[in-house]
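Notes to accompany the following structure.
A note on names: the letters A, B, ... follow the listed sequences, proteins ahead of strands, and every chain is numbered from 1.
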Number of protein chains: 4
Amino acid sequence: MGQENKLKIRNAAVQVISEKGFYNTRMLDIAEEAELAVGTLYNYFKSKDEILEYIFAKEMERRMEIIAELKAKDISTKKFLKEFLDRHFEVLIRNPHLGRVVVREKDFSGREKSGNIQQFIETLIEALEDIFVEALANSEIKDIDPHLMAVFFFGAIHGMIEHALTKPDIMMLKNAPQFIMERIEHIFIN
Amino acid sequence: MGQENKLKIRNAAVQVISEKGFYNTRMLDIAEEAELAVGTLYNYFKSKDEILEYIFAKEMERRMEIIAELKAKDISTKKFLKEFLDRHFEVLIRNPHLGRVVVREKDFSGREKSGNIQQFIETLIEALEDIFVEALANSEIKDIDPHLMAVFFFGAIHGMIEHALTKPDIMMLKNAPQFIMERIEHIFIN
Amino acid sequence: MGQENKLKIRNAAVQVISEKGFYNTRMLDIAEEAELAVGTLYNYFKSKDEILEYIFAKEMERRMEIIAELKAKDISTKKFLKEFLDRHFEVLIRNPHLGRVVVREKDFSGREKSGNIQQFIETLIEALEDIFVEALANSEIKDIDPHLMAVFFFGAIHGMIEHALTKPDIMMLKNAPQFIMERIEHIFIN
Amino acid sequence: MGQENKLKIRNAAVQVISEKGFYNTRMLDIAEEAELAVGTLYNYFKSKDEILEYIFAKEMERRMEIIAELKAKDISTKKFLKEFLDRHFEVLIRNPHLGRVVVREKDFSGREKSGNIQQFIETLIEALEDIFVEALANSEIKDIDPHLMAVFFFGAIHGMIEHALTKPDIMMLKNAPQFIMERIEHIFIN
DNA sequence: TATGAATGAGCTTTCATTCAT
DNA sequence: CATGAATGAAAGCTCATTCAT
């Protein structure tokens, strides 16, 4: 089944890009890491850019699934946020390479097509904002601009991830969700 | 005076890199923006990488100056942070191109030499941490891990800057320091 | 029957090569046009070059058949030429794609193996020359160098075909044999 | 002066392309023949295609100059044609490589931009046609379709050139203009 | 010091060909 | 025989850097 190779390429790309950065990674590097020929990469992706796009698209998909899943649970906003943060960080602790790629290569501006990548950040921030808006409507949190709040917390989250993965400091990564939740709690009324 | 050209090159680089990203910017692009010949760039910088290094070094220097200046004033931690945030954002509002470069290209990993750039972030976080440590010693703030706190706020600050500059949303940029200060205040005892 | 596929491939190749040129045609293009898999092409042809060789070989064979047939008829040189021109053009009017390939790709110089293709032109010119030589022996035509004559008329014929197919100008293609015959008649004594 | 290199590249390209054909010629081949680096080629031409375009454009320009010059002389059509043929062939005898490129690569169909090359043929045929039209108006020649006539002679001319250069047969090349003129004369009234 | 043409290593991408199924 | 995924050599092109002027 061809999807097996697509997965191998994705994983190899994540590995190599996390180490050398997107622009210092050659298609040959990815191919060697994936134990495939260069040509094979092009049977699954139209271009080098598309590989990065795919990585982000996949991660966005996963996050949206988590969010949909949690929404279905109909839990409190506070619990919602805690769950999401836990799962978000859990993924990164298990795959720090992926984390590094996601936080570092998000500014990719390869010409005009970087749709998925810019959108990855946008969408997550909007999802966070939606949660705050709803919480605000339910008077669960203090009256603070939900958009600013979302951007603020998203920045803090990614900043902590990046910092922890750059050292690397697995301890900080473990403590981060708890720490962030405590900060968030300050905006909750009860 | 030769330093005039060095400044022109730096400004041109900031301008172009903020628009196209470091790796999509050619030396020729910078030269044209600076209205100089390509060869002239090499009279002031040893390499393309070094130009980016210089931009970050210069910004780091400026921030350290602000910090030194504020430390000399011997003001309260709260006031200190407010002043620093105000000045940090003021620079970026006046020069959004510079802001974009600083927040986007910080992950530059050109082989081994990215000393200055990684350090820019590190140093600022450490400076922030120092402030929290001192404030903690003076019982000005609640008992929270100062390192985590510094990373958290630094991430939030840069996240807001990046978001505001990407849209671009000058309004958010103006409101950000006030908003961040309010968040910080929640952790202050008095 | 396997020859059916060989025919399908030939026709597909003629179609695609006439549109994109030999070097801009990929094996995949031919395969898709033939509604076959790429691998299948290699069951009938050793290489891409060989497909072009085959097209030319087939056309040469057809022309030689026509010539043999006409020779058997034992008609006058003038009639011979007229018949040959009529049949030659008739094929091309019915299959302009084939015509385009034959007149355009004749200069194929893929390294050393282009035997058949160079020979296609050579052989036709020689055939034409033979006719003139014979006519000269029979004092049917004026005393003009038969080789120059053959090259001259062959060039004129192919030039008209190419021009008519490039536009395309089916009217010119129809008038061409008659026009060429009238020019040829000038060299006949009677 | 940079134009010197442009000339060196053109000549090298003519040399190599005439030997290997356009598609079998690599930029490196041209560079080596020109004793320049590959990169230098791109300082003078945007692409490989553009080099071929330039070769044709230059030749067209030369032919148009010859035509303009002869028109200024106000000579008879017969003399006009003779002069033009003589000069056209003279160029090719002096530079057979150029001749081979011009007659062989004229069908270049590199995507959509082959403007100059298609036009080279078109323009020359039209120029020839104009001469016949004028001669017809002056009753210098018999009443024959000038367009068909132009295409016919152009094909014959190029066919002879190609044949003579392919062998190569310098004798045929020398005799060709005289031979062609005699054919043309048969259509002249006096 | 300023210039910009020359350089060539290095990159992405293509595609004819192979071969296991 | 048919298939089409895998292969990797090969090509066009870019661009940081050099250096003669």
Side-chain angles (χ1 to χ4, degrees), chain A residues 1-2 4-6 8-9 23-32 34-51 110, chain B residues 1-2 4-6 23-32 34-51 110, chain C residues 1-2 4-6 23-32 34-51 110, chain D residues 1-2 4-6 8-9 23-32 34-51 110:
Chain A
M1 174 55 169
E4 191 194 328
N5 270 346
K6 189 157 189 176
K8 271 168 75 179
I9 295 168
Y23 283 104
N24 291 317
T25 297
R26 297 166 303 149
M27 287 303 264
L28 183 61
D29 295 326
I30 300 175
E32 280 173 354
E35 291 178 307
L36 290 169
V38 191
T40 308
L41 270 53
Y42 287 88
N43 290 337
Y44 296 89
F45 296 95
K46 275 205 286 291
S47 68
K48 187 184 167 190
D49 287 6
E50 218 192 67
I51 297 180
Chain B
M1 171 58 169
E4 190 193 332
N5 270 347
K6 188 157 188 173
Y23 282 102
N24 291 318
T25 296
R26 296 169 303 153
M27 288 300 265
L28 180 63
D29 296 325
I30 299 174
E32 280 174 352
E35 291 177 308
L36 291 169
V38 197
T40 308
L41 271 54
Y42 286 86
N43 290 333
Y44 296 90
F45 297 96
K46 273 207 290 292
S47 69
K48 186 186 168 190
D49 289 4
E50 217 191 66
I51 297 181
Chain C
M1 171 57 166
E4 190 193 330
N5 271 346
K6 188 157 188 173
Y23 283 102
N24 293 317
T25 297
R26 297 167 303 153
M27 289 300 265
L28 181 63
D29 295 326
I30 299 174
E32 279 174 353
E35 291 175 310
L36 290 169
V38 196
T40 307
L41 270 53
Y42 286 85
N43 291 332
Y44 296 89
F45 297 95
K46 274 207 290 290
S47 69
K48 186 186 169 190
D49 288 4
E50 217 192 65
I51 297 180
Chain D
M1 173 56 168
E4 190 194 329
N5 270 346
K6 188 157 189 174
K8 272 168 74 177
I9 295 168
Y23 282 104
N24 293 316
T25 297
R26 296 167 302 150
M27 288 303 265
L28 182 62
D29 296 326
I30 300 174
E32 279 173 354
E35 291 177 307
L36 290 169
V38 190
T40 307
L41 270 54
Y42 287 89
N43 290 336
Y44 296 89
F45 297 95
K46 274 205 287 291
S47 68
K48 188 185 168 191
D49 287 6
E50 220 192 63
I51 296 179

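- In this structure, OG1 on D:Thr40 lies 7.0 Å from CG on D:Asn5, to the nearest 0.5 angstrom.
- Residues B:Ala37 and B:Ala31 share a closest heavy-atom pair of C-CB, 4.0 Å.
- A distance-only check finds no donor-acceptor pair linking the side chain of A:Lys8 to the backbone of A:Glu35 [under 3.5 Å].
- C:Arg26 places its CZ atom 8 Å from the C1' atom of E:dC15, with the value rounded to the nearest Å.
- The distance from atom CD1 of A:Ile30 to atom CG of A:Leu41, rounded to the nearest 0.5 Å, is 6.0 Å.
- Note that CD1 of D:Ile51 and NZ of D:Lys46 are 12.5 Å apart. Values are rounded to the nearest 0.5 Å.
- In this structure, the CD atom of D:Glu32 is 14 Å from the C1' atom of F:dA11, given to the nearest Å.
- Looking at C:Arg26 and C:Val38, their side chains never come closer than 4.5 Å, going by heavy atoms from C-beta outward.
- Atom CG of D:Asn43 sits about 11.5 Å away from atom NZ of D:Lys6, to the nearest 0.5 Å.
- At least one side-chain heavy atom of D:Tyr23 sits under 4.5 Å from a side-chain heavy atom of C:Asn24.
- Taking every side-chain heavy atom of B:Met27 into account, F:dT17 is the closest of F:dT17, F:dC13, E:dT18.
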Pairs counted only when both distances fall under 3.5 Å, Watson-Crick or G-U: show me the 5' to 3' dot-bracket for DNA chain E, [ ] for pseudoknotted crossings and | for other-strand partners. .||||||||||||||||||||

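- As rounded to whole Å, 16 Å separates atom C1' of E:dT18 from atom NZ of C:Lys46.
- Separating the CG atom of C:Asp29 from the P atom of E:dT14 is a distance of 13 Å, rounded to the nearest angstrom.
- Taken from NZ in B:Lys48 to CE in B:Met27, the straight-line distance is 8.0 Å, to the nearest 0.5 Å.
- Protein atom CD of B:Glu4 is 10 Å distant from nucleotide atom P of E:dA2, rounded to whole Å.
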Just the table, please: protein N/O against nucleotides 3-7 of chain F N/O, every pair under 3.5 Å.
residue: F:dT3; atom: OP2; partner: C:Ala37; partner atom: N; Å: 3.2
residue: F:dT3; atom: OP2; partner: C:Thr40; partner atom: OG1; Å: 2.8
residue: F:dG4; atom: N7; partner: C:Gly39; partner atom: N; Å: 3.1
residue: F:dA6; atom: OP1; partner: A:Asn5; partner atom: ND2; Å: 2.2
residue: F:dA6; atom: OP1; partner: A:Tyr44; partner atom: OH; Å: 3.2
residue: F:dA6; atom: OP2; partner: A:Tyr44; partner atom: OH; Å: 2.5
residue: F:dA6; atom: N7; partner: A:Asn43; partner atom: ND2; Å: 3.4
residue: F:dT7; atom: OP2; partner: A:Ala37; partner atom: N; Å: 3.1
residue: F:dT7; atom: OP2; partner: A:Thr40; partner atom: OG1; Å: 2.6

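- When rounded to the nearest whole Å, the span between NZ of D:Lys48 and C1' of F:dT14 equals 17 Å.
- With rounding to whole Å, D:Tyr23 atom OH is found 11 Å from E:dC15 atom P.
- Here the side chain of D:Tyr42 is nearest to one of E:dT13, E:dT17, F:dT14, namely F:dT14.
- Residues A:Thr25 and C:Leu28 both approach DNA chain E. Their nearest nucleotides, taken by heavy-atom distance, put A:Thr25 toward the 5′ side.
- When the C1' atom of E:dT1 is taken as reference, atom CZ of B:Phe45 falls 16 Å away, rounded to whole Å.
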